[in-house]
Amino acid sequence: MRYGINTIDDFQVAGKTVLCRIDINQPIDTVNGTLKDINRITAVVPTIRELSDKGARVVLLAHQGSDIEYHNYYTTRPHAAILQELLERPVRFIDDVCGPAARQAIAELRDGELLLLDNVRFMAEEQTLFELHLRLDHRQQSQTMLVRQLAPLADLYVCDAFAAAHRDQPSLCGFEQILPSAMGRLFEAEYSVISGLMRQPEHPCVFILGGAKIDDAFQMMRTVLSSGVADKVLTGGLVAEVLAWGDGQDIGTKARELIEYKGFGKLVPVARELLGEFGDQIIMPVDYAYVSDNKRKETIGGPIPPAALITDIGSKTAAAYQEMILAAKTVFVNGPMGVFEEALTEKGTRMVWDALGKTSAYTVVGGGDSIAATHKYQQSGRIDYICTGGGALIRFLAGEELPVIRALRHGSGNMK
Ligand code: ADP
Ligand code: MG
């Protein structure tokens with residue numbers, strides 16, 4: 001038991017049927033059925049291997065895409081093939097989630113064997129819009145079709161889906177109401193790294209926040225600054241632009257339109273308030289980059305031309321960030337500094353990631369695109385911890401109790 005949650009060590013799993021919820025959601029080419037990345041699949045391999053080695057009958061539950069991530073909505077069949085390669089043992093796939101075919105395949109499992117069920121989000125109650133509109137509590141989640149059909153076939157529920165720990169859905173929070181429950185090894189590792197980061201980071205501790213999915217960035221900034229966890233927050237991406245707008249700077253019509261379009265207009269007053277409270281600890285770019293006539297241009301402290309859209313931090317800013325990263329003892333990063341996918345606007349992100357590779361600080365990177373940047377700049381071997389979670393990580397760092405953590409604590413009381 002760690003953090004009030006059982007671990008795999010608390011159970012004898014030999015001969016037991018273990019329902020293991022993993023997060024292997026990856027960007028996918030739905031035309032050819034090929035995965036564009038497999039980092040989350042690689043990350044859950046140790047838990048699955050351990051359960052199988054110990055003689056458990058392992059039933060894997062996972063989602064791929066969703067209603068709000070529809071371009072990635074797909075069967076989990078390709079994931080089974082990848083898992084099989086990585087584990088070097090057969091992984092059976094069944095194109096059913098909890099119907100008769102799935103239940104029969106579970107009943108046929110022998111000790112040590114592995115079965116991956118189809119995309120759990122083929123069930124309505126697993127969809128994000130369902131979650132947001134119907135808000136089932138965990139007791140109600142335990143009465144959904146998915147949980148009622150599968151729980152009676154299992155002895156233990158293991159959740160290794162830290163990256164989905166902020167979701168409040170039956171496959172993540174329902175089984176714990178009924179079955180003895182534990183967290184898997186990846187969940188345990190991620191929880192341990194980020195709760196350690198929140199408890200006693202070595203100072204100076206620098207947070208770097210960028211990217212374009214910034215809903216929870218400001219809440220998190222407030223939490224880590226007011227608790228004294230972070231000494232400084234360096235900003236890039238849309239986080240910096242919203243701050244600059246809140247600060248009364250002219251970020252240009254296009255940037256304002258993009259921020260409004262993404263629904264982040266409401267964050268501008270939040271940003272202004274934060275700057276009022278923590279102005280000397282929140283570091284904003286002193287220059288920005290944009291593309292004009294197919295060339296990279298920088299503002300060099302001057303105004304942003306009316307027709308330009310900011311797509312990176314400037315070189316002066318990036319150099320200043322490098323120095324602060326090199327002088328830090330702890331660095332946490334979520335979100336690239338600019339549109340790093342494009343050659344003309346990758347410089348800021350590349351420079352920050354170069355410094356992450358060089359610094360002697362303890363470095364933690366989280367978020368899908370930030371992990372992609374880590375691979376692109378070949379820093380994976382030099383970053384101390386790469387967290388598979390994006391949204392879950394940010395909500396955790398914002399000080400929220402995540403639904404899956406609450407459910408697992410509850411389920412850790414159900415011992416058989
Ligand atoms: P992560 O997955 O690491 O949490 P996000 O999803 O929040 O990161 O943001 C990543 C995306 O943000 C990238 O696709 C990048 O192109 C985009 N981005 C970064 N800076 C900007 C910017 N200034 N304007 C528009 N998009 C940006
Ligand atoms: Mg982000």
Side-chain angles (χ1 to χ4, degrees), residues 23 25-27 36-37 39-40 68-69 71-72 162-164 166 190 194 207-221 234-245 249 251-264 267 271 284-285 287-291 296-299 304 308-314 317-318 321 331-353 356 363-377 379-380 383 385-398:
D23 188 340
N25 186 31
Q26 298 280 338
K36 296 184 194 160
D37 189 1
N39 76 77
R40 281 190 176 157
I68 62 158
E69 217 200 315
H71 58 288
N72 280 327
F162 187 81
H166 58 312
E190 309 231 293
I194 62 170
F207 273 54
I208 306 177
L209 303 182
K213 279 188 291 180
I214 62 167
D215 307 76
D216 301 303
F218 293 99
Q219 182 53 41
M220 168 183 164
M221 217 185 273
L234 317 184
T235 62
L238 289 184
V239 177
E241 288 167 46
V242 170
L243 278 165
W245 187 356
Q249 298 176 31
I251 56 170
T253 317
K254 285 199 170 166
R256 285 195 295 269
E257 277 170 7
L258 178 67
I259 289 166
E260 292 284 12
Y261 172 76
K262 291 201 170 247
F264 298 143
L267 296 176
M284 279 187 282
D287 56 351
Y288 293 97
Y290 55 93
V291 175
R296 179 185 174 95
K297 302 263 169 71
E298 299 205 353
T299 58
I304 293 145
L309 173 67
I310 301 167
T311 38
D312 196 10
I313 57 174
T317 303
Y321 286 5
V331 184
F332 170 82
V333 192
N334 173 249
M337 297 293 98
V339 181
F340 72 102
E341 298 91 338
E342 307 291 333
L344 295 177
T345 51
E346 69 159 340
K347 187 177 181 187
T349 306
R350 179 190 287 280
M351 283 177 71
V352 162
W353 257 254
L356 291 175
T363 45
V364 179
V365 172
D369 290 290
S370 304
I371 295 174
T374 306
H375 292 308
K376 180 170 183 187
Y377 303 125
Q379 300 294 359
S380 345
I383 306 289
Y385 196 81
I386 298 175
C387 189
T388 59
L393 175 68
I394 305 309
R395 297 257 192 103
F396 187 97
L397 292 174

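Positions are given from 1, in the same order as the sequence printed here. Start at 1 and go down the list; that is how both ligands and their atoms are numbered.
Checking Glu241 against Tyr288 by side-chain atom types alone, no donor-acceptor pair falls below 3.5 Å.
Considering backbone and side-chain atoms alike, Gly211 places every N or O at 3.5 Å or more from each N or O of ligand 1. For the pair Asp369 and ligand 1, the shortest N or O to N or O distance falls below 3.5 Å. Geometrically, ligand 1 and Gly368 share a nitrogen or oxygen pair separated by less than 3.5 Å.
Close contacts between ligand 1 and Gly237 involve ligand atoms 20 (N), 23 (N) [criterion: under 4.0 Å to a heavy atom]. Heavy-atom proximity to Gly335, at under 4.0 Å, picks out these atoms of ligand 1: 3 (O), 8 (O). The ligand atoms of ligand 1 that sit less than 4.0 angstrom from a heavy atom of Glu241 are 22 (C), 23 (N). Here is the list of ligand 1 atoms found below 4.0 Å of a heavy atom in Ile310: 23 (N), 24 (N).
Under a 4.0 angstrom heavy-atom cut-off, Glu342 registers as lying outside contact with ligand 1. Contact annotation: Pro336 has at least one heavy atom less than 4.0 Å from an atom of ligand 1.
Between Gly348 and Asp312, the closest heavy-atom pair is N-OD2, 2.9 Å. Gly335 and Trp353 make their closest contact through O-CH2, 4.1 Å (heavy atoms, listed as atom of the first residue, atom of the second, distance). Closest approach of Asp287 and Glu298 over heavy atoms only: OD2-OE1, 3.7 Å.
Which of Ile214, Thr345, Asn334 comes nearest to atom 4 (O) of ligand 1 through a heavy atom is settled by distance: it is Asn334.
Atoms NZ and CD1, from Lys297 and Ile304 in turn, are 14.5 Å apart once rounded to the nearest 0.5 Å.
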**Request:** Determine, step by step, whether Leu258 and Ile310 satisfy the side-chain contact (heavy atoms from CB on, under 4.5 Å) criterion, reporting the C-alpha distance in whole Å, the side-chain angles of both residues, the deciding distance to 0.1 Å, and the verdict.
**Result:** CA-CA 10 Å; Leu258 178 67; Ile310 301 167; over 6 Å; no
**Residues Phe162, Ile194; criterion side-chain contact (heavy atoms from CB on, under 4.5 Å); working and verdict** = CA-CA 11 Å; Phe162 187 81; Ile194 62 170; 3.4 Å; yes
